[in-house]
Each structure stands twice: as structure tokens, then as C-alpha cells.
Amino acid sequence: MSMATVFARRFAAGQGREVAVSTLKAAAARNTGSSASYASWTRTTASTAGSGSGGNNNNGAGGARAGSAFAASAAAAATLLGGAASVALCEKNLKDPMTVYAVNAAAMNTQRFVEEAEEENQQEATAAAPPQKQASVVDESQKESGDDTYITATSPTAAHSAPDMTVQEARLEAATAKAKRHSAGLKLFSGNGNMGLSLEVAKVLGINLGKATVGRFADGEVNVMIHENVRGKDVYIIQPTCPPVNDNIMELLLMVSTLNRASARRITVVIPYYGYARQDRKMQARVPISAADVARLLEAMGIDRVIAVDLHCGQIQGFFGPRVPVDNLNGGIVGIDYFGDKDLHNPVVVSPDAGGVYRAKKFKEGLTHKFDMHDIGLAMIIKQRARAGTVDKMDLVGEVKDCDCIIVDDMIDTAGTLCKAADVLVAKGAKRVFAFASHGLLSGPGNDRIANSKMEECVILNTIPSSPQRSANEKLTELSVAPLLAQTIFNIHAKKSISALFK
């Protein structure tokens, strides 16, 4: 039985107060270097437990066993909690935000606890059944000779299984183990890329942003200074590499370097928008693969993990080495909740190019699964570009007549492709045209094009900071990705599943 189980059950039985007090005192004595005091506190705990339990036992054997159990519990718990007791207090305000994306995961965990408890109860019932009569093997020669001394072979009795736990005890044990695992605390910092989103994530998590200075010197150089102790902490940096791209990348690199030099235990960079993502391969001779080069820069600075939202191409995850895992969050789950509440007539999900068919298919499956829309169609637009940013011709694959179309893409830059796709759909008989994209760059005339387009509404996420011009655009709707990012940060810090958020 694990020590977390012992401590949890003692606590649930009402005896945890004495154990906690004695173990913390033992840990304090040990930390001060007084091994004698540490041993005395352990002996005191054992004797107290033994006398308390032995009072209800006629022969005192129960008291001796309980005393030894309490001694082992106190010694081991002091060893485990001695270094983590003060640290656990640092996270007393960090709670699971339990956003809408964690509801399914929580339901799955509750079902798992119930199933485990039922299985343990069944095992306990089996173990508590009357033992069968032991089989004996008798030497036939001794039987014939009349010798009453038989050789008997018996199988060893199975060890008694541990007492079963209720669902509440299992949760208490999980909470105890979680408090021990989280021995480093959590710190959340932000650059100047999207301060509004960072503040919203911190609010959902119920913590404050870390105190830091990220500014400029007189000559334009980036000035970074961390004003909090981060030694041994788990640090998360929220910084999208959106325009101005190079300035935001440099801020991120220097923040990572500063935190590493300040002895942070683990650094996770949260990049809602990954700049240079479209330069993920060589389309012609003598051009860089910039997405890979940015990944190598971040990895060279010493990051431990990357959280991104809807990377332009999934292979960007492979640009980071195996030592740096990348979590590519599906921002479409935010749009699914939004469009699921709309009154759509014969909805059809449209991909604006061949590369986005998988994204559009996942969006369609999400609407079907979550809102029971089983009549959703799927279409694709094949576009031929004359040059970067300019589309020469568009062809539609699929039927959209008298349908509400939802164009799903990962980003909107100048909105030229999006607006032309809307024109093609309307020309083919579409009733209404909506658009959804995770990243709304809206460079140059993008905002004006959307305002003057034939689209009913264009929905984007706030991975990139907004502007007064966007707010004035009546056709533009901005959804928040902060709950999804906050839940992901918490799940990573609590060693929970991330994929469960998207089921």
C-alpha cells in the first residue's frame, strides 16, 4: 500500500490531525539537522497511537500494531512532506478552472473512480469468502503400511488484500498524491504580444500574472527583468509571435533565457499564434524553412514544452526535438460551441483549400457529435494561386445550393481568399455564408474586405490582440480561447490528460 493511501485513510478516519502535526514537526526537526528530535517525534507518535488503539483491545496487540503503523506513517510522511509541505501551500489558491472543455474529462474520471471502487469491492468480497479445505497429498505406500504420519502438501494461503476504498477516499488519495507531485509551484508570465489574453488566462486559473519588466532600451533593444523568485518553479510564458513578429520572438527568447538563468525548474511556452508557420517547407530554390528555424531557436534557449493553437501545418511539431513535446490545441472546439447554438439550415462545412480538408472534417464531426447534427455536408474549394497572396481561379467540389455554409480555416491574413470563396459559394446558390478561423491577422485591407463581403458573419479567436477597427466591424465576431488555454495549463501542471478535453 502506498504511503499516500495510508495518509489518506488515516485522514479520512479522523486521525489525520495528529499524524499531520507530528509529521510536520518531525520534518521541521529533520530540516534543522536534529536527528534525535526527529526520532523522538516518531517514537512519540508511535506511543500515542499505540496507547490510543490499545485501549480498546484487551490484549494490547492492536495497540502495538497501530503504534508501529503510525510510526511508519509518520516517518515516511515526514520524509515525503518535509520538502513539499511549504511548497504545497504555494498552490493553495490554484484550483481546477473546470471550464466547459473539462466537463467530459471530469465525467470520465468519475466513472473510472466508480469502476475501480466496484472492482476493489468485488476483490474484497472474493478474498473474504470462506477458504476452501486444503488439499493433501498422501503417500500411498505409507497408507498401505498403516503409518498414520502422512506427508501433506499444502499451497500457501493468499495474502489478505488491502481494504477497499470508497470513491471519496480514492479522490482524497488522488488529491494527496497531486499535492506531493506539485512540489515546484506555478508561475505565469507574459510578454507584450497579447497582454489581454494573458490576463484572462490568469483570471480563469485564479492566479496573478508574474511581475516582470519587458520593455525597450533607448536604442530599441529588448529589456527583460523578472521581479519574482522562480527558483525551482514551473513557469509558463504566454507570448504569441504575431505582428510585430520579430519583436515578439525576441521578447520570448530573452524571457526564456532569463528564467533559465534564474533556475526555473521547467519552462513551458504558450504560443497562441506561431509566427513564420506558413514557411514550413521549400517551395522553390534558395529559401529558408523559417518555421523550423524558429523552433530550433526556441529549443536552443532551453524550453521544455510548447503549447500552440492550430498550427498552420501539423508537421511543425516535428521541428522540435523529442525532448520538447508540443501540444497543438484544436481551436475549432471553441467555434463548434458557437455555431452549434445557431439555427443553421442544411449546414455544409467548406474547406477553402485541399490542405484544410482534415480541419473541416474535424469541425463537421464535432458538430455532429456534440449537437446531433447528422445532416451536415462537406465541400472543398480548389484554388489556383498566381503568386503568394493572389488567387487566380477557384473551383467548388460539393453541393451547397440552399445551404448555410461555414468556411473553416486556420488563419485569415488579407482575407482575399476568404472573400472570393464566399462569392463562389453565393454564386453556387448558398443561402448564408459564415466563416471561422482561429487566427485573425487581418493584415492590410483584410478588415475592410470582410466588412464589404457577402459573408453573414466571420468568427475568429483572440489569439492575436484586437484593435478598434476590428471592434467596429459588425461582421466580425471574436471568441475567447482563454478558457481552453487555462484548462490546458492546469492539466499539464496537474499531470492530467489534454486529449480528454477534445473528446
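In this text the structure is predicted, and so the values were computed from the model without any measurement.
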(request) Could you tell me which non-hydrogen atom of A415 sits nearest to which non-hydrogen atom of G446, and how far apart they are? (result) CB-O, 3.7 Å

(request) Using side-chain contact (heavy atoms from CB on, under 4.5 Å) as the criterion, point out the one residue from V334, L479, V408, I406 that pairs with V459. (result) L479

(message) Check this for me: Y358, atom OH, are more than 12 non-hydrogen atoms of other residues, nucleotides or ligands nearer than 6.0 Å?
(response) no

(message) A side-chain contact here means heavy atoms from C-beta on lying under 4.5 Å apart; do Y274 and H312 qualify?
(response) no

(request) Answer whether the closest heavy-atom distance between the side chains of I382 and D353 falls below 4.5 Å. (result) no

(request) Please identify each residue that fulfils ring-ring contact (aromatic ring centres under 6.0 Å, His included) with Y273, with sequence neighbours left out. (result) H439

(request) Side-chain contact test, heavy atoms from C-beta onward, threshold under 4.5 Å: evaluate it for I376 versus V348 and give yes or no. (result) no

(request) With rounding to the nearest 0.5 Å, note down the distance linking CZ in F339 to CZ in F434. (result) 6.5 Å

(request) Could you give me the CA-CA distance, side-chain angles and deciding distance for V294 and I249, then say whether side chain to side chain contact (heavy atoms under 4.5 Å, CB included) is met? (result) CA-CA 8 Å; V294 172; I249 289 179; 4.3 Å; yes

(request) Search all heavy atoms of P272 against all heavy atoms of V270 and return the closest pair with its distance. (result) CD-O, 3.2 Å

(message) What's the separation between atom CG in L186 and atom CG in D234, rounded to the nearest 0.5 Å?
(response) 7.0 Å

(message) Once rounded to the nearest 0.5 Å, what's the spacing between atom CG of L441 and atom SG of C242?
(response) 8.0 Å

(message) Restricting to non-hydrogen atoms, name the atom on Y276 and the atom on A291 that form the minimum distance, rounded to 0.1 Å.
(response) O-CB, 3.3 Å

(request) I would like to know whether Q239 and V269 meet side chain to side chain contact (heavy atoms under 4.5 Å, CB included); could you show each step before the answer? (result) CA-CA 7 Å; Q239 176 76 339; V269 293; over 6 Å; no

(request) Would you mind listing every side-chain hydrogen bond (donor to acceptor under 3.5 Å, both in side chains) that reaches into residues 422-432, with sequence neighbours excluded? (result) D404-R432

(request) Rounded to the nearest 0.5 Å, what's the gap from CD on E399 to CG on N346? Could you check? (result) 10.5 Å

(request) Measure the shortest side-chain to side-chain distance between L461 and F436 over non-hydrogen atoms and say whether it is less than 4.5 angstrom. (result) yes

(message) By the salt bridge (Lys or Arg N to Asp or Glu O under 4.0 Å) test, which pairs, at least two apart or in different chains, include something from residues 284-307?
(response) D304-R323, R305-D327

(request) Assess whether side chain to side chain contact (heavy atoms under 4.5 Å, CB included) is satisfied between V324 and V306, documenting all intermediate values. (result) CA-CA 7 Å; V324 181; V306 177; 4.0 Å; yes

(message) Walk me through whether V224 and T213 qualify under side chain to side chain contact (heavy atoms under 4.5 Å, CB included).
(response) CA-CA 5 Å; V224 175; T213 297; over 6 Å; no

(request) Check whether any side-chain heavy atom of K475 sits under 4.5 Å from a side-chain heavy atom of C458, and report yes or no. (result) no

(message) Counting C-beta onward and ignoring hydrogens, is there a side-chain heavy-atom pair between L252 and I271 closer than 4.5 Å?
(response) yes

(message) Do P240 and T463 make a side-chain contact, defined as non-hydrogen atoms from C-beta onward lying under 4.5 Å apart?
(response) no

(message) Using every non-hydrogen atom in the two residues, find where L425 and C405 come nearest and quote the distance to one decimal.
(response) CD1-CB, 3.9 Å

(request) Give me the one residue out of I464, N447, D448 that meets side-chain contact (heavy atoms from CB on, under 4.5 Å) with L442. (result) N447

(message) With rounding to the nearest 0.5 angstrom, report the CG to CD1 distance, L259 to I303.
(response) 12.5 Å

(request) Considering non-hydrogen atoms only, spot the tightest contact between F371 and I336 and give its length. (result) CE1-O, 3.3 Å

(request) Quick one: list whatever passes salt bridge (charged side-chain N to carboxylate O under 4.0 Å, His left out) with K342, sequence neighbours left out. (result) E457

(message) What's the separation between atom CG in D409 and atom OG in S351, rounded to the nearest 0.5 Å?
(response) 7.0 Å

(request) Name all pairs fulfilling the side-chain hydrogen bond (donor to acceptor under 3.5 Å, both in side chains) condition that reach into residues 214-223, sequence neighbours left out, sorted by first residue then second. (result) R216-E251

For residues 359-367, run the donor-acceptor check on the side chains, cut-off 3.5 Å, and write out each pair with its distance to 0.1 Å, sequence neighbours left out.
none

(message) Looking at every heavy atom in both V214 and N192, which two are closest together, and how far apart are they?
(response) O-ND2, 2.8 Å

(request) May I ask you to check whether over 12 heavy atoms, not counting those of M301, lie within 6.0 Å of atom CE? (result) yes

(request) Give a yes-or-no answer on whether the side chains of R261 and S257 include a donor-acceptor pair shorter than 3.5 Å. (result) yes

(message) Do S466 and S471 make a side-chain contact, defined as non-hydrogen atoms from C-beta onward lying under 4.5 Å apart?
(response) yes

